[in-house]
Amino acid sequence: MTKSATAIAHPNIAFIKYWGNRDHALRIPANGSISMNLSGLETKTTVTFDTTLDSDTLTLNENPVTGPGLERVSQMLARVRDMAGISTYARVVSGNNFPTGSGIASSAAAFAALALASSSAAGLNLEEKELSILARTGSGSASRSVPGGFVEWLPGDSHETSFARTFAPLESWPLADCVAVVSQAHKAVGSTGGHTLADTSPFQSVRVQDAPRRLEICRRAILEKDFSTFAEIIELDSNMMHAVMQTSTPPLMYWQPATLAVMSAVQAWRKSGFPAAYTIDAGPNVHVICPEGFQQQTAQRLKEIPGVLQVLQATCGGPAHLVE
Ligand code: PMV
């Protein structure tokens, strides 16, 4: 007997970043975070519980996956089996429509789609909050890919209180993300490993203590569509996270020369009145955020910077959802 469901989820870009955990196993974050889902970019995942299987299987972009990648997926499936009171193994088939290594975190969309597809295939009808909690256990930022639009992950202090919710609908402020890809190499230290190093930086406690202030400024700037305040706070927050990364033991230096070239170009554009702001995740590629009306010009300007290999574009996206 088989039971199947298919879900689509979008990646997200954090404006106030998540870095470091209070509880690594449950991925309860050290601080709250704010993000925007990215439309046009998506992960589509089909989960089939099949009584003839004797273990879980995973196919990603048409390639079979074993080892740690499969193990992480299996952990979420085990959680879902527990919740549904079933013991059947599942076949997971997943694909992204955006290139891996493009500086777009695929784990957020992947675990949001997996949480929705697996829980529905298991016959659970989870509410958005419960889905966000489930997605969080696979990848912290996946909690933010469950609701749509502009999202805040409330850090909480337990499994039940740490989840994300929409605080402004996607239509409320048409922003675009132009991703300046400067390297396609696989990063040496991924975010799961990086989170465990955060507390070795003397700057992490300062970053975490100041987070409620940055969250408030960012939330308000989004609600008031105040681009210049928004630009300043997201660049500050990204710089603070990278200061923590760079001062961890061992240090994590994700920037490359072209990363800095884009950062300084964006700051110069803004000084001359052009509305754009940068934010950088755990990698060298730079997300440049601008009002949608400036998207084409931003992408064009980025392509002219030496070292920029390609520019991916997205606007504000909706929630994770089931498809036929
Ligand atoms: O969810 P993870 O473990 O991939 O961590 C995401 C970390 C950052 O992308 C650097 C920041 C964020 O809030 O998305």
Side-chain angles (χ1 to χ4, degrees), residues 9-38 41 43 68-69 72-73 75-76 96 98 100-115 132-147 150-155 162-164 177 179 186-199 201 204 207-208 211 214-215 218-219 233-246 248 252-255 259 278-287 289 314 317 320:
H10 303 288
N12 65 75
I13 179 66
F15 298 143
I16 301 296
K17 308 286 191 188
Y18 149 53
W19 195 246
N21 290 313
R22 289 172 69 148
D23 180 322
H24 290 299
L26 284 174
R27 300 179 195 265
I28 314 276
N31 61 278
S33 51
I34 284 178
S35 62
M36 171 178 103
N37 278 358
L38 299 176
L41 311 175
T43 297
R72 207 164 152 188
V73 163
Q75 276 172 15
M76 179 171 287
N96 298 330
F98 53 94
T100 36
S102 59
I104 309 253
S106 52
S107 65
F111 284 101
L114 180 66
S132 174
I133 288 172
L134 176 62
R136 190 202 74 231
T137 63
S139 181
S141 57
S143 67
R144 297 189 311 239
S145 278
V146 170
F150 295 92
V151 170
E152 179 163 4
W153 176 8
L154 308 169
S162 187
F163 63 92
D177 180 4
V179 190
H186 204 76
K187 53 194 168 200
V189 178
S191 44
T192 299
H195 292 299
T196 66
L197 298 179
D199 282 331
S201 165
Q204 170 71 349
R207 193 191 73 86
V208 169
R214 298 192 306 281
L215 286 162
C218 184
R219 203 185 300 117
I233 200 68
I234 73 168
E235 290 186 357
L236 172 69
D237 188 83
S238 174
N239 290 346
M240 285 176 81
M241 180 181 73
H242 284 271
V244 168
M245 292 163 158
Q246 290 163 14
S248 296
L252 298 174
M253 172 52 89
Y254 288 111
W255 297 350
T259 310
Y278 67 76
T279 183
I280 304 164
D281 281 342
N285 303 321
V286 187
H287 292 253
I289 314 297

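When a residue number appears, it is its place in the shown sequence, counting from 1. Numbering of ligands and ligand atoms starts at 1, following listing order. Basis for what follows: all heavy atoms, side chains included, without hydrogens, waters or symmetry-related copies. In this text, all values refer to a predicted model and were calculated from it rather than measured experimentally.
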Interfacing atoms of ligand 1 (cut-off 4.0 Å, heavy-atom, Ser107): 4 (O)
Can you tell me which residue among Glu235, Met241, Lys17 is in a side-chain contact (heavy atoms from CB on, under 4.5 Å) with Thr279? Lys17
In chain order, what residues pass the side-chain contact (heavy atoms from CB on, under 4.5 Å) check against Asp199, with sequence neighbours excluded? Gln204
Ser143 side chain vs Ile133 backbone, donor-acceptor pair below 3.5 Å: no
Please could you name the atoms of ligand 1 that Ala282 approaches to less than 4.0 Å, counting only its heavy atoms? 10 (C)
Are any side-chain N or O atoms of Thr43 and backbone N or O atoms of Asn96, one a donor and one an acceptor, separated by less than 3.5 Å? no
Which residue and heavy atom of the protein sit nearest atom 5 (O) of ligand 1, plus the separation: His195 NE2, 3.0 Å
With side chains defined as the heavy atoms from C-beta onward, is the minimum distance between Pro155 and Ile28 less than 4.5 Å? no
Would you mind listing which atoms of ligand 1 come within a distance below 4.0 Å of any non-hydrogen atom of Met241? 10 (C)
Give me the residue, atom name and distance of the protein heavy atom closest to atom 4 (O) of ligand 1. Ser191 OG, 2.7 Å
So do Ile234 and Asp237 actually touch side chain to side chain, heavy atoms under 4.5 Å? no
Can you label the angle between the His242 ring and the Tyr254 ring as parallel, tilted or perpendicular, going by 30° and 60°? perpendicular
Here the atoms of ligand 1 under 4.0 Å from any heavy atom belonging to Ala14 are 12 (C), 13 (O), 14 (O)
Relative to the heavy atoms of Gly140, which atoms of ligand 1 are at a distance of less than 4.0 Å? 1 (O)
Do any N/O atoms on Ser141 end up under 3.5 angstrom from N/O atoms on ligand 1? yes
Could you check whether any side-chain heavy atom of Arg72 comes within less than 4.5 Å of a side-chain heavy atom of Phe111, counting everything from C-beta outward? yes
Any Ser139 heavy atom less than 4.0 Å to ligand 1: yes
Nearest protein heavy atom with distance in Å, relative to atom 11 (C) of ligand 1: Tyr18 O, 3.4 Å
Tell me, which protein residue and heavy-atom name are nearest atom 14 (O) of ligand 1, and how many Å apart are they? Arg144 NH2, 2.7 Å
When only distance counts, is Trp19 in polar contact with ligand 1, meaning an N/O pair under 3.5 Å? no
Under a plain distance cut-off of 3.5 Å, with no hydrogens placed, do Trp153 and Ser162 share a side-chain donor-acceptor pair? yes
For ligand 1, is Ser33 a contact, meaning one of its heavy atoms is under 4.0 Å away? no
